[in-house]
Amino acid sequence: MNTTSNDRRQFIKSSAMAAATAIATGSSSFALPVINNPEQSKVEWNKAPCRFCGTGCHVQVGVENGKVVAIAGDKNADVNKGLLCVKGYHVGSILYGKDRLTKPLLRSGNTYKAISWEKAIDVIADRIEANPKKFATYGSGQWTIPEGYASQKLMKGGLSNNHIDPNARLCMASAVTGFLATYGVDEPAGCYDDLDACDVLIMWGNNPAEMHPILFSRVIDRRSKGDSIKMIDIGTRRTRTTEQCEHYLEMKGHGDLAIANGIAHLLIKNKTYSKKFVDNFCSFKAPDSDNPNLHGKPITFEEYCNAVAPYTPEYVEEISGVPADQIRMLGDLFGNPDLRITSLWCMGMNQHTRGTAINSMVHGVHLLSGHFGRPGDAPTSLTGQPSACGTVREVGTLAHTLPGGRVVANPDHRKHAEEFWNLPAGQINPVPGYHAVKMWEQFCTATDQGGDIDTIWVQVTNPGQTLPNLNKLFHAKEGLEDKFLIVSDVYPTATTRLADLILPSALWVEKNGVFGNSERRTQQWFKMVDPPGDARDDAWQTIAVAHRLLERGFPGMKDRDGKFIFEFKNEKGEPVPTWEWDHFYDTNVDKHLFEEYRQFTRLKHKDLAPYDEYVKARGMRWPVVQNKEGQWQETKFRFSEGYDPYVEANKEIQFYHSSTKDDRAQIWFNPWEPPAEVPDDEYPLMLCTGRVLEHWHSGTMTRRVPELNRAMPGAYVELNPSDAAQHGIANGDRVRLESRRGSVEAQAWIAGRGRPPVGTVFVPFFDETILINDLTLDAVDPFSKQPDYKKAAVRIIKL
Amino acid sequence: MIASAVVTLDPNHKNFESTIDQIGDNTAIETGQLTGCKLPITIEAAIPRSLETLTRWVYQLDGIQFIDIVFVSLEDTQSPEAA
């Protein structure tokens, strides 16, 4: 190493130490490493939200010579306050995998040939023109808000086709229906600030130590400063989260339904529920068995009391497996009005065939006990993807929704959308499209047997690995010659294996973007580097297809005034041909799309600020409302007077989107029900699937990072020592896991990281060579249509 | 490749000091000034996977509650591999 490079290395190292020291001491007065020293560095820094999970950490991205060369936690970001989890090492590296897709590829027999973008856009337009009603789009909570909005507008506005659904259907649809059933409007009332104020943190089937590490670190940090926080882990297997918790409540699958009813039972029996909160702000609901629907039927408080009366701690122990004393402990905590209690959950409660019910019931115990609306008192769902909230729930890219909390079945909502989009009245189809599981089932069913989806365009997700029951819902596409799969992605995946057309996409800071995180925070970033080869933005791909259809005279691509539905003008008022790649960045398409979308956000009081406000901020939590001084102010706690600008004076708490139109939230009773599939003599073990710290989702990005891949090279079957002994299985043995739907082979890991209890096994889903979703169940929650990836009956065989 | 991180130590752990010594004895890691339970460190590695390995090594030491990353220089990083 010569002196110059040695000096530079030393300079970077001392800058790095200065940054870490500033964070450790709580100082806000440090410059980013190598930012202010042009003599030693030409690195240019800019902000972006992290590309990985739904936490929404902000990073500073350092770019030099057109390449990302450094990443730093953003000290000005409320979410992560300058810190990053271990994936922060790799968020820059994901751009530079050796096998990035760089050319459009069209299947030709058993191979692919590179084609031009012109040809690729023609192929998609041909498929739409041939059968517009049989065309579907499958998107993602990794879509940026403008990307999802553009795709939504093309499908529901331009094509009058509601067959658009995202992978978020598989991860948080039950959280949506839980919020709707309880408050009449989606998304959490609380935010991450609750983690700084709670006395008790209850994690319901949630492992934030590995899945949302920065949030977990935030709580641990409070402890290290002397705060006393009681942490409780309710789960079906021990995890790294358990290690930091005072109490671990190990339950059987669906035990959470019984536990929630058990807490409610104790609050009423002990008269420790909050009479004031209930009398002033709540009503009661139960399922309507004659007409099952999301809003159920009203019941009286007495009927609610009678419904939860059987759920004594002993009965709850019998059906959940959690000792009665621990149920009483939960009842006592919720019954103590002096405590602040925050509940967190993610996939454990959402990937559940009673997902809507358990989501509603956890909200219910918070409402019944009055642990709601004060900082630290909140039931809060987390998301696994960076924009599941922003792009799916807010933009409304689900098959039954329209932007801003609207639904296609509501004539007024369709009219709003037609007005905002300047479309002829009646253009939007009133019938919801197919939800994810149904969409793929129809695609994988032969046309002559009723399979009425013939083309799916996948953007920013990997259904060939992540759908449940893959043999039925994905692999069955093989051999169906009239079916056509289009995949826009950045790397080859389990999905591209069956693709007929593969489109190379830009990734993260290779394009402009806006994400919406788990706490209603909208976050913007600018393009910083060019994508490789011919890779292009997903939003451009959508607009280019729409324009090709316009050129062909396809109805729906013009608005009422005869203008292209994606017409954007520059500062001189001249239309910019953004469908031509060379002109896509002549104007800020993201800003145009965002400002158009922003009009939709006020109906449900999810108000967003102008795009330029997000350029200045490290995100803002909606509703963002302009104050008297003209400043845009975010909202930390919804429905609470003093925080939420839409709560009227002296109301204290106001659920202003109440489904009963009386400003009240609904406390639900739902009975305990067993899982859709339970172990039996033939399949005696319960399979739970999930994620691991090293890999994000299906591993398409993180498995290309050598250090992550070496740390966790492949999926495994995690099992209990007793079950292993019973089957003669030793650590590292090859085993086959079989369900009624498929089988996989993998190595056994006995008493490993997660330590599942007797009778259960855990397999992570990140490994495309071990497709655990060949085994999982495609049964769905009746309201959210979300499948259960946590409970499938399996058997294990030593090989 | 150079990174920096903040290690959160458990104040109730008996071998608090020896844990810090253990970290400091690793030649790839430089420790900074301990503030309360927070220890800033830099990690230097010739090859990128070592950063991850070293971070995990620190995390598993007795008395460590958490480790958060602050800064990562990707200079000299090898391209990620095909999965």
Side-chain angles (χ1 to χ4, degrees), chain A residues 9 12-13 15-26 32-34 62 64 67-73 80 82-86 88-90 92-94 96-99 209 213-214 216-217 220-221 223-226 244 491-492 694 699-700 703-711 768, chain B residues 1-13 16 23 28-60 62-83:
Chain A
R9 195 168 194 84
I12 292 172
K13 192 173 175 182
S15 301
M17 179 61 89
T21 302
I23 295 290
T25 57
L32 271 170
V34 298
E64 188 174 20
K67 189 172 178 183
V68 174
V69 296
I71 297 291
N80 52 310
L83 302 174
L84 297 171
C85 76
V86 75
Y89 279 142
H90 314 297
S93 308
I94 58 171
Y96 302 114
K98 289 175 179 167
D99 56 343
I214 286 297
F216 199 69
S217 156
I220 297 300
D221 183 50
R223 273 190 172 167
S224 72
K225 290 172 179 164
Q244 303 279 356
Y491 289 112
E694 293 82 355
T700 54
R703 288 192 74 228
R704 286 175 168 80
V705 180
E707 52 267 42
L708 288 179
N709 208 30
R710 288 187 181 101
E768 72 176 77
Chain B
M1 198 173 177
I2 295 167
S4 64
V6 175
V7 180
T8 303
L9 295 130
D10 180 354
N12 301 317
H13 194 268
F16 192 101
I23 296 170
I29 300 176
E30 189 175 305
T31 57
Q33 183 70 43
L34 181 69
T35 305
C37 300
K38 305 280 189 186
L39 180 70
I41 62 171
T42 59
I43 310 172
E44 195 168 3
I47 51 174
R49 69 170 176 272
S50 300
L51 276 183
E52 177 84 14
T53 307
L54 287 162
T55 305
R56 292 186 187 288
W57 174 79
V58 172
Y59 189 20
Q60 57 80 42
D62 277 351
I64 303 296
Q65 288 201 315
F66 224 82
I67 179 164
D68 294 288
I69 313 307
V70 174
F71 171 77
V72 186
S73 166
L74 304 172
E75 286 187 41
D76 310 322
T77 305
Q78 296 165 351
S79 289
E81 297 166 342

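Chain letters run A, B, ... following the sequence lines, proteins first, then strands; residues in each count from 1. Keep in mind it's a predicted model, so treat the numbers as computed, not measured.
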Looking at A:Ile214, A:Val69, A:Asn80, which has the largest count of heavy-atom pairs under 4.5 Å with chain B?
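So the answer, after comparing A:Ile214, A:Val69, A:Asn80, is A:Val69.
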Using distance only, find each side-chain donor-acceptor pair of residues 29-37 of chain B under 3.5 Å and give its atom names and separation, not counting sequence neighbours.
| residue | atom | partner | partner atom | Å |
| --- | --- | --- | --- | --- |
| B:Glu30 | OE1 | A:Lys13 | NZ | 3.3 |

With sequence neighbours left out, write down each residue that passes side-chain hydrogen bond (donor to acceptor under 3.5 Å, both in side chains) with B:Thr55, or none if nothing qualifies.
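B:Thr55 satisfies side-chain hydrogen bond (donor to acceptor under 3.5 Å, both in side chains) with A:Tyr89 only.
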Leading residue by heavy atom contact count with chain A [cutoff under 4.5 Å; candidates B:Val6, B:Val7, B:Ile67]
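Highest number of heavy-atom pairs under 4.5 Å: B:Val6.
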Please identify, among B:Ile41, B:Ile43, B:Asn12, the residue contributing the most non-hydrogen atom pairs under 4.5 Å to chain A.
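With the most close heavy-atom pairs to chain A, the winner is B:Ile41.
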Contact check, side chains of A:Pro213 and A:Val86, non-hydrogen atoms, under 4.5 Å
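Sidechains of A:Val86 and A:Pro213: no contact.
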Are any of the side-chain heavy atoms of B:Thr53 and B:Trp57 separated by less than 4.5 Å?
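The answer is no, as the side chains (C-beta and beyond) never meet within the 4.5 Å cut-off.
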Can you tell me which portion of B:Thr42 sits under 4.5 Å from chain A's heavy atoms? Options are side chain, backbone, both or neither.
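Contact with chain A is through both the backbone and side chain of B:Thr42.
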